[in-house]
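Each remark here refers to the structure printed beneath this line.
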Amino acid sequence: MAKLIEHPLVQHKLAIIRDVETGHKRFRELATEITEFICYEALQSVRTKEIDVQTPVGVAACRMIDTDLVVVPILRAGVGMLEGILELIPTARVGFVGLYRDEETKLPVTYYERYPPQIKGGTCIIIDPMIATGGSTAAAIEQLKEHGADNIIVICIVTCPEGIELVETAHPDVPIYAAAIDEKLNENKYIVPGLGDAGDRLFGTSHH
Ligand code: PRP
Ligand code: URA
């Protein structure tokens, strides 16, 4: 399932982050802001428990989140969304999966993995701004499942039909939340119109 976050605040910020004129400082701020809104929506049905809270006046029937939350950025660009998640869930644990797309084959290569044990039994939130072919996200889900995760959601900023299809086919149990589902991939497997190379734009490593 792919869920598009159509709220005007998200779409407004998306328009600015896409703009080729937006520099890396503003790009990073917008990635954080957009992530906060998508995360808020994505946690709509997270498991909660009912508790009674003693207020100064009486007892209030309350709900609190009842699952360990583990956020897993896909290195490198996923790190640009980490601050946004931690703003909303300061107690989240953080795992890392390092994947890059081989420039020739366009296939994901895993180069780093480090997860907290709570991925087993907890709720894992994979973050990556771009799901293009879907190969990186599908590989990250695969790695987490191999380490025992069975409750995974994915938050991205921009994706496209090809990426959604690959991830959904391989992992129909994993919902994807996105601010945009763009038209297509180009011959370099970049999302069109997308926002370019998210890692380069976040970290100021592009050559133009
Ligand atoms: C980008 C992006 C995703 C991946 C998407 O990372 O952040 O991880 O490509 O492509 P896919 O859906 O076709 O797999 P990249 O490989 O450029 O690495 P980086 O984050 O280190 O820049
Ligand atoms: N990775 C990116 O950063 N952008 C794309 O459009 C595709 C892959």
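Start at 1 and go down the list; that is how both ligands and their atoms are numbered. Starting from 1, each residue takes its place in the sequence as its number.
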Are the side chain of Thr159 and the backbone of Ile181 linked by a donor-acceptor contact shorter than 3.5 Å? no
Within less than 4.0 angstrom of ligand 2, does Gly196 place any heavy atom? yes
Under a 3.5 Å threshold, yes or no: a donor from one side chain and an acceptor from the other, between Thr123 and Asn151? yes
Please list, in number order, the atoms of ligand 1 under 4.0 Å from a heavy atom of Met130. 3 (C), 5 (C)
protein heavy-atom neighbour closest to atom 10 (O) of ligand 1 works out as Arg101 CD, 3.3 Å
Please work out, at 4.0 Å between heavy atoms, whether the side chain, the backbone, both, or neither of Asp128 comes within that distance of ligand 1. side chain
Closest to atom 14 (O) of ligand 1 (judged by heavy-atom distance), picking from Ser136, Ala77, Gly78, Gly199: Ser136
Tyr100 heavy atoms, cut-off 4.0 Å: which ligand 1 atoms fall inside? 16 (O)
heavy-atom search around atom 6 (O) of ligand 2 in the protein gives Ile191 N, 2.8 Å
For atom 22 (O) of ligand 1, the closest protein heavy atom turns out to be Arg76 NH2, 3.0 Å
For ligand 2, find out whether one of its N or O atoms is nearer than 3.5 Å to an N or O atom of Gly199. no
Can you check whether a protein heavy atom sits less than 4.0 angstrom from atom 5 (C) of ligand 1? yes
Does Ile141 share a hydrophobic cluster with Leu166, counting links as ILVMFWY side-chain heavy atoms below 4.5 Å and allowing steps through other members? no
Atom indices of ligand 1 within 4.0 angstrom of Gly134 heavy atoms, with elements: 11 (P), 12 (O), 13 (O)
Looking at atom 5 (C) of ligand 2, what's its closest protein heavy atom, distance included? Tyr190 CD2, 3.4 Å
Would Thr137 count as a polar contact of ligand 1, with the cut-off being nitrogen or oxygen pairs under 3.5 Å? no
Student check: side-chain heavy atoms of Lys49 and Ile51 closer than 4.5 Å: yes
What protein heavy atom sits nearest atom 3 (O) of ligand 2, and how far off is it? Ala198 N, 2.8 Å
Out of Met130, Arg201, Arg76, Lys106, indicate the one that has the non-hydrogen atom closest to atom 2 (C) of ligand 2. Met130
Is the Tyr100 ring parallel, tilted or perpendicular to the Tyr111 ring (thresholds 30°, 60°)? tilted
Any side-chain donor near an acceptor of the partner, Glu87 and Thr32, under 3.5 Å: no
Given side chains that start at C-beta, do those of Val192 and Leu185 come closer than 4.5 Å, heavy atoms only? no
Pick from Glu33, Glu29, Glu36: which one makes a salt bridge (charged side-chain N to carboxylate O under 4.0 Å, His left out) with Lys13? Glu33
Would you indicate whether the side-chain heavy atoms of Gln143 and Glu113 approach each other to under 4.5 Å? yes
Considering only the protein, which heavy-atom contact is closest to atom 18 (O) of ligand 1, and what is its distance? Leu99 O, 4.2 Å
